[in-house]
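What follows is a structure written as structure tokens; I'll ask about it next.
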Amino acid sequence: MDQKLKVGILGATGMVGQRFISLLENHPWYEVVAVAASPRSAGKTYEEAVGGRWKMDTPMPEAVKSMVVMNVNEVEKVASEVDFVFSAVDMSKEAIREIEDAYAKTETPVVSNNSAHRWTPDVPMMVPEINPEHVEVIEAQKKRLGTKRGFVAVKPNCSIQAYAPALTAWKEFEPVEVIATTYQAISGAGKTFKDWPEMIENIIPYIGGEEEKSEQEPLRLWGKVVDGKIEKASLPVITTQCVRVPVLNGHTAAVFVKFNKKPSKEELIDRLVNFSGEPQELNLPSAPKQFIQYLEEDDRPQVKADVDYENGMGVSVGRLREDTVYDYKFIGLAHNTVRGAAGGAVLCAELLTAKGYIQAK
């Protein structure tokens, strides 16, 4: 790419916004030129607006420290500075839908980490290795919005990243029933242990709205594009429990699967380690070289050992074995704020750029 595309980050001061800032430092295709947040942060430098709330392990990039935070509600003003935006705003779902559509209508593509548009029929919700063909619905969305280049694309919930890729790799064996229990890190709630001391040595067996997302969103990933809309798949039937655990980063899933066709353990492992998609074929900058790794040790995957596999963009699977009630069971692990949030959105943007949907204005 001759010249980097100019990027804005909406909701730049929050945890996912900060992750975007970190991931985009030295990105070969994109340069952050605008940061926007709520009116209370607007007018301050980014460093002042974030204050002591910088939550990343790496230091705040020098390039953004002195950027003046813009008011996210001044849509035309922010849009005039950028080629496209990443959205990580913290608002009600209705307000998020409204503001993301408003940016799209300024002919500014929006790649969102938010859940508000995940069930809008003509908005693609993508894990780029799983359903890149869903970009097709963008043309129908543009007609609805009355735009030539503006649209909204989203990434799915962080909790499904630990098991949906494995189930996709096993599609030929026709999974029909799935039970998944997810053990979810506190960064999924935008928190650190400093913010949330109650989580130290604690487990909370409830995360609002998470079980519905974990059961339904994989079906949308596996759905088909029909007449400019995405129709979700009907199988497998998925039931979940979602538990908050005292881990900073990394969502783990304990999963049971029943198949229509009965694969061997060797076949299942082969499909995992050889599974790849368009991001690997296109050699996208953020794409993991190997999307899924299989770990043979009985005590893996572990958060401390494996959460940063492929810079947090890969998925780790282990403990695959036959089950006495279902056919097989396994443990999956994915980094919830990298692959599951900002990193997944950056990879979506790279795919959309490679396919010509995101270009310089």
Side-chain angles (χ1 to χ4, degrees), residues 115 118-119 125-131 134 155-185 188 205-224 230-245 250-275 277 291-295 300-301 306 314-336 339-340 344:
S115 63
R118 286 184 194 155
W119 290 94
M125 179 183 81
M126 294 188 297
V127 173
E129 287 89 348
I130 292 177
N131 61 332
H134 284 194
K155 53 142 289 296
N157 197 42
C158 50
S159 65
I160 72 173
Q161 313 283 338
Y163 57 93
L167 297 172
T168 306
W170 297 335
K171 211 171 176 181
E172 68 187 275
F173 305 116
E174 299 173 11
V176 285
E177 282 181 37
V178 174
I179 297 174
T181 300
T182 58
Y183 303 92
Q184 298 187 206
Y206 172 73
I207 307 170
E210 203 72 5
E211 286 165 4
E212 296 84 346
K213 293 174 191 172
S214 301
E215 291 168 0
Q216 293 300 314
E217 288 187 17
L219 299 174
R220 192 168 197 259
L221 287 181
W222 300 320
K224 288 196 172 121
I230 295 157
E231 291 185 0
K232 73 172 187 176
S234 55
L235 288 173
V237 175
I238 304 172
T239 184
T240 65
Q241 292 198 96
C242 298
V243 181
R244 188 73 73 195
V245 295
H251 287 356
T252 299
V255 188
F256 297 79
V257 194
K258 190 176 281 185
F259 294 100
N260 235 347
K261 299 177 177 174
K262 305 302 179 195
S264 67
K265 179 178 174 179
E266 292 69 29
E267 286 176 313
L268 291 174
I269 293 172
D270 172 75
R271 300 312 186 268
L272 289 177
V273 298
N274 290 303
F275 182 63
F291 183 28
I292 305 173
Q293 68 168 342
Y294 184 76
L295 299 159
R300 302 277 290 279
D306 304 307
V315 175
S316 300
V317 174
R319 299 210 69 212
L320 177 67
R321 59 228 191 269
E322 288 190 38
D323 184 56
T324 52
V325 178
Y326 278 63
D327 292 324
Y328 284 91
K329 52 193 170 189
F330 70 94
I331 303 290
L333 170 68
H335 197 306
N336 56 297
R339 169 56 79 161

Practice item. Considering non-hydrogen atoms only, spot the tightest contact between Pro236 and Pro175 and give its length. Key: CB-O, 3.3 Å
Review point. Would you find a donor on one side and an acceptor on the other, under 3.5 Å apart, between the side chain of Arg244 and the backbone of Ala185?
Key: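 Yes.
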Review point. Are any side-chain N or O atoms of Lys232 and backbone N or O atoms of Gln216, one a donor and one an acceptor, separated by less than 3.5 Å?
Key: no
Point to revise | Polar side-chain atom of Glu215 near backbone of Thr240 as donor-acceptor pair, under 3.5 Å | key: yes
Revision key, fill the gap. Interatomic distance, CZ@Arg220 vs CD1@Ile230, rounded to 0.5 Å, equals 4.0 Å
Review point. Does CD in Glu322 sit with more than 12 non-hydrogen atoms of other residues, nucleotides or ligands closer than 6.0 Å?
Key: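 No, CD of Glu322 has 12 or fewer neighbouring heavy atoms, counting only those of other groups under 6.0 Å.
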**Study point:** Identified ring-ring contact (aromatic ring centres under 6.0 Å, His included) counterpart of Trp170 within the set Tyr163, Phe330, Trp222
**Key:**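 Answer to the ring-ring contact (aromatic ring centres under 6.0 Å, His included) test with Trp170 among Tyr163, Phe330, Trp222: Phe330.
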Practice item. Flag the pair Arg118 / Lys155 as yes when at least one side-chain heavy-atom distance between them is below 4.5 Å, and no otherwise. Key: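 Yes; the side chains approach each other to less than 4.5 Å.
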**Study point:** Separation between CZ of Phe256 and OG1 of Thr181, rounded to the nearest 0.5 Å
**Key:**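 These two atoms lie 7.5 Å from each other.
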Study note, to complete from the structure: Between Leu268 and Pro263 the two heavy atoms that sit nearest each other are CD2-CG, 3.6 Å
Review point. Just how far is it from atom CD1 of Ile160 to atom CD1 of Ile130, taken to the nearest 0.5 Å?
Key: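 Here the rounded value is 7.0 Å.
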Check your understanding: For Arg319 and Tyr294, which heavy atoms make the closest approach, and how far apart are they?
Key ->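 In this case the closest contact between Arg319 and Tyr294 is N-OH, 3.7 Å.
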Practice item. From the options Glu210, Glu217, Lys213, select the one residue that forms a side chain to side chain contact (heavy atoms under 4.5 Å, CB included) with Ser159. Key: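 Testing Ser159 for a side chain to side chain contact (heavy atoms under 4.5 Å, CB included) against Glu210, Glu217, Lys213 leaves exactly one candidate, Glu210.
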Review point. Are Lys171 and Phe275 close enough, and set up right, to give a side chain to side chain contact (heavy atoms under 4.5 Å, CB included), and what steps lead you there?
Key: CA-CA 11 Å; Lys171 211 171 176 181; Phe275 182 63; over 6 Å; no
Review point. Looking at residues at least two apart in the chain, or sitting in another chain, which of them share a side-chain contact (heavy atoms from CB on, under 4.5 Å) with Ser234?
Key: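 Ser234 satisfies side-chain contact (heavy atoms from CB on, under 4.5 Å) with no residue once adjacent residues are dropped.
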Point to revise | 4.5 Å side-chain heavy-atom contact, Leu295 and Ser316 | key: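 Result yes, sub-4.5 Å side-chain heavy-atom pair found.
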Point to revise | Shortest non-hydrogen separation from Val315 to Ala334 and the atoms involved | key: CG2-CB, 4.4 Å
Review point. Is there a side-chain contact between Lys329 and Ile179, using heavy atoms and a 4.5 Å cut-off?
Key: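 Side chain of Lys329 against side chain of Ile179, heavy atoms only: no contact under 4.5 Å found.
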Exercise for review: State whether the number of non-hydrogen atoms from other residues, nucleotides or ligands found under 6.0 Å of Gln241 atom CD is greater than 12.
Suggested key: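 Incorrect, the count does not exceed 12.
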Review point. Is there a side-chain contact between Gln161 and His251, using heavy atoms and a 4.5 Å cut-off?
Key: no
Point to revise | Minimum-distance pair of heavy atoms, taken over all atoms of Ser264 and Glu267 | key: N-OE1, 2.9 Å
Check your understanding: Leu221 versus Met125: any side-chain heavy-atom pair under 4.5 Å?
Key ->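 The answer is yes, as the side chains (C-beta and beyond) meet within the 4.5 Å cut-off.
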Review point. Which atom pair, heavy atoms only, marks the closest approach of Ile292 to Ala169?
Key: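 Minimum heavy-atom contact is CD1-CB, 4.5 Å.
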Exercise for review: Please round to the nearest 0.5 Å and tell me the distance separating atom NZ of Lys265 and atom CG of Asp270.
Suggested key: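 The NZ atom of Lys265 sits 14.0 Å away from the CG atom of Asp270.
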Review point. How would you list, by chain and number, every residue that makes a side-chain contact (heavy atoms from CB on, under 4.5 Å) with Asp327, sequence neighbours excluded?
Key: Lys258, Phe259, Lys262
Point to revise | Nearest-0.5 Å distance, CD of residue Glu266 to CZ of residue Arg271 | key: 11.0 Å
Point to revise | Option passing side chain to side chain contact (heavy atoms under 4.5 Å, CB included) with Val317 (candidates Val273, Leu272, Asp306) | key: Leu272
Exercise for review: Kindly determine whether Thr182 and Glu211 satisfy side chain to side chain contact (heavy atoms under 4.5 Å, CB included), including the steps that lead there.
Suggested key: CA-CA 9 Å; Thr182 58; Glu211 286 165 4; over 6 Å; no
Exercise for review: Taking the side chain as every heavy atom from C-beta outward, state whether Ser214 and Asn157 have any pair of such atoms under 4.5 Å apart.
Suggested key: yes
Review point. Tyr326 versus Val257: any side-chain heavy-atom pair under 4.5 Å?
Key: no
Check your understanding: Taking C-beta and beyond as the side chain, do Pro218 and Leu167 meet within less than 4.5 Å on heavy atoms?
Key -> no
